[in-house]
Number of protein chains: 2
Amino acid sequence: MTSFERPTLVRDGVYEHLRRAVLDGDLAPGERLGEVELGAQLGVSRTPIREALMRLTQDGLLIAEANKGVRVRTLSAAEARDTYVVREELDGLAAALAAQHHTPTDAAALRAALDDLHAAPGSDYRAQTRLDLAFHRAITHAAHNAALNDLNRDLEQRVALIKHQTRTYNAHPQTDAQHAALLDAILARDHDAARDAARTHVRTFAALVLNDLQPRSTP
Amino acid sequence: MTSFERPTLVRDGVYEHLRRAVLDGDLAPGERLGEVELGAQLGVSRTPIREALMRLTQDGLLIAEANKGVRVRTLSAAEARDTYVVREELDGLAAALAAQHHTPTDAAALRAALDDLHAAPGSDYRAQTRLDLAFHRAITHAAHNAALNDLNRDLEQRVALIKHQTRTYNAHPQTDAQHAALLDAILARDHDAARDAARTHVRTFAALVLNDLQPRSTP
DNA sequence: ATTGTGGATATTGTATACAATCCTGGCGAT
DNA sequence: ATCGCCAGGATTGTATACAATATCCACAAT
């Protein structure tokens with residue numbers, strides 16, 4: 001046998017299910033999540049549901065109002081801008097650290113992730129979002145810094161939320177070139193170039209998303 | 001009247017109580033937290049206890065093992081080092097943004113926080129830890145960036161955890177001078193100097209803490 | 001003496017019951 | 001017609017009951 005059947009906790013299953021649903025855009029921003037309804041859908045009681053919702057709220061994916069339940073979080077244009085300011089810094093750090101510390105296994109994973117991203121149809125913004133997230137996650141993983149991993153997880157989730165709000169396609173003219181430059185710099189172990197490439201990429205993309213988000217919040 | 005008596009939720013009270021207890025060092029790293037015991041102590045049922053523990057676990061202050069309850073998290077030397085690497089970056093960003101965006105109110109709060117820190121006796125490491133955290137929190141607040149605030153909250157909590165593990169006093173010879181330089185740079189709206197001052201301060205302090213932590217984890 | 005086994009005990013995980021709060025809708029007064 | 005208000009229903013918040021899992025200690029076998 002490969003491994004014993006591990007008694008996976010119900011609440012963990014619910015947590016992952018809902019998290020995926022939010023990140024994939026199956027749950028629209030602003031949508032309300034009723035406890036009894038979710039419990040009926042997933043066939044479990046309210047208890048693990050509540051605990052999963054609590055964790056997702058702490059992650060920043062949901063917002064809770066007292067006695068009114070939770071909703072999928074919507075971010076204001078200002079919050080989105082703030083997020084990208086921080087992301088530029090942290091993505092730059094992740095790229096620099098990845099350039100310094102990546103292993104051969106990391107290198108292979110990075111290449112594979114970028115290939116997957118290229119293979120996705122440009123019109124499928126959900127797949128694009130998911131694979132872009134996977135690529136950036138591979139970079140962060142290659143940085144081999146646990147604290148950075150945790151923080152980037154939160155940031156990436158927030159970015160995914162923003163993307164689903166704006167429905168911006170990941171593709172812009174320079175995307176492929178920027179991704180390639182970033183990967184090359186990391187593999188060449190040039191941490192300064194990697195940092196710059198990551199920051200430039202974030203900045204370019206942020207401009208695109210924010211331009212799309214602005215009109216809706218300042219009518 | 002100033003405001004109506006808001007019906008503060010029990011779970012929020014428990015959450016804040018336990019969070020403060022961990023951050024102040026009343027709960028030692030590694031200490032186990034039993035649900036029934038906590039419930040008896042605070043006079044509430046297990047339900048809000050569980051939900052508070054869930055949130056604190058998600059914050060990274062506690063760790064949970066399946067069917068074995070939660071403990072106050074202990075960080076390895078490697079995790080501590082990783083934390084300070086990220087903190088250097090984010091504290092630098094916070095200082096730079098604070099220099100650019102602080103208001104007169106922020107300036108007053110910053111001065112007050114630093115005064116409080118100076119007034120604390122150098123031998124009381126708990127007060128030092130709490131007031132140092134308050135000072136840094138004031139800087140982050142003055143940056144006026146919601147995303148940065150959220151992330152720094154997590155980081156600061158982790159740093160507090162590390163400090164309680166090592167019991168390192170905040171005071172080192174250059175602390176006062178570095179704090180003063182940092183505050184001056186922010187108030188002068190010199191964001192480059194502010195960033196450098198913050199990074200230097202983190203680096204200096206990290207070296208002190210890590211030097212104290214290293215011997216215990218590599219015997 | 002040490003190791004392995006078995007059951008008793010305690011603790012967590014899940015489900016359900018009860019209480020409190022909030023939203024909705026309709027009715028009446030102005 | 002609009003505003004206020006009260007009742008009904010629905011939903012969250014808290015407590016408790018039940019089930020499943022892990023820990024611990026005694027005791028026997030080698």
Side-chain angles (χ1 to χ4, degrees), chain A residues 1-22 27-74, chain B residues 1-22 27-74:
Chain A
M1 72 204 74
T2 59
S3 131
F4 279 112
E5 181 183 3
R6 57 171 176 163
T8 169
L9 265 39
V10 175
R11 68 164 167 239
D12 291 340
V14 175
Y15 172 77
E16 278 305 325
H17 175 85
L18 292 177
R19 182 166 164 273
R20 197 67 69 94
V22 173
L27 267 41
E31 185 168 343
R32 190 179 160 287
L33 301 181
E35 297 175 2
V36 294
E37 178 190 348
L38 290 173
Q41 275 183 334
L42 301 176
V44 299
S45 84
R46 278 178 57 210
T47 305
I49 299 282
R50 287 179 64 78
E51 299 181 346
L53 295 179
M54 212 73 64
R55 291 170 62 187
L56 290 165
T57 301
Q58 207 69 6
D59 283 342
L61 289 179
L62 309 176
I63 54 168
E65 296 170 284
N67 296 320
K68 289 182 58 179
V70 302
R71 316 182 78 87
V72 179
R73 181 169 178 181
T74 63
Chain B
M1 73 203 75
T2 57
S3 131
F4 279 111
E5 181 182 4
R6 56 171 176 163
T8 168
L9 265 40
V10 175
R11 68 162 167 242
D12 291 339
V14 175
Y15 173 77
E16 278 304 325
H17 175 85
L18 292 178
R19 182 166 163 273
R20 196 67 69 95
V22 173
L27 266 41
E31 187 169 340
R32 190 178 160 286
L33 301 180
E35 297 175 2
V36 294
E37 179 190 346
L38 290 173
Q41 275 183 336
L42 301 177
V44 298
S45 84
R46 278 178 57 208
T47 304
I49 298 283
R50 286 180 63 78
E51 298 181 347
L53 294 180
M54 213 73 65
R55 292 171 61 187
L56 291 165
T57 301
Q58 208 68 7
D59 282 343
L61 288 180
L62 308 177
I63 55 167
E65 296 169 285
N67 296 318
K68 287 182 59 175
V70 303
R71 318 180 78 87
V72 180
R73 181 169 179 181
T74 62

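Quick note on labels: first sequence line is chain A, next is B, and so on, each numbered from 1.
- B:Arg11 meets the salt bridge (charged side-chain N to carboxylate O under 4.0 Å, His left out) test with B:Glu51; sequence neighbours excluded.
- Put simply, CG on A:Leu62 is 13 Å from P on D:dT12, counting in whole angstrom units.
- Every side-chain contact (heavy atoms from CB on, under 4.5 Å) that A:Ala28 has, sequence neighbours left out, goes to A:Glu31.
- Atom pair B:Ile49:CD1 and C:dT11:P shows a separation of 14 Å (rounding to whole Å applied).
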Protein-nucleotides 13-19 of chain C N/O pairs closer than 3.5 Å?
unit_1: C:dG13; atom_1: OP1; unit_2: A:Arg11; atom_2: NH2; d: 3.1
unit_1: C:dG13; atom_1: OP1; unit_2: B:Asn67; atom_2: N; d: 3.2
unit_1: C:dG13; atom_1: OP2; unit_2: B:Arg50; atom_2: NH1; d: 3.4
unit_1: C:dG13; atom_1: N7; unit_2: B:Arg46; atom_2: NH2; d: 3.0
unit_1: C:dG13; atom_1: O6; unit_2: B:Arg46; atom_2: NH1; d: 3.2
unit_1: C:dT14; atom_1: OP1; unit_2: A:Val10; atom_2: N; d: 2.6
unit_1: C:dA15; atom_1: OP2; unit_2: A:Ser45; atom_2: N; d: 2.8
unit_1: C:dA15; atom_1: OP2; unit_2: A:Ser45; atom_2: OG; d: 2.8
unit_1: C:dA15; atom_1: O5'; unit_2: A:Ser45; atom_2: OG; d: 3.4
unit_1: C:dA15; atom_1: N7; unit_2: A:Thr47; atom_2: OG1; d: 2.6

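- B:Val70 pairs by the side-chain contact (heavy atoms from CB on, under 4.5 Å) definition with B:Leu33, B:Leu53, B:Thr57, B:Leu62, B:Ala64, not counting sequence neighbours.
- Scored by the side-chain contact (heavy atoms from CB on, under 4.5 Å) test, A:Glu16 finds A:Arg19 as partners (sequence neighbours excluded).
- Every residue two or more places apart in sequence or in another chain that forms a side-chain contact (heavy atoms from CB on, under 4.5 Å) with B:Gln41 is listed here: B:Glu37, B:Leu38.
- Residue A:Arg32 places at least one side-chain N or O closer than 4.0 Å to OP1 or OP2 of D:dT12.
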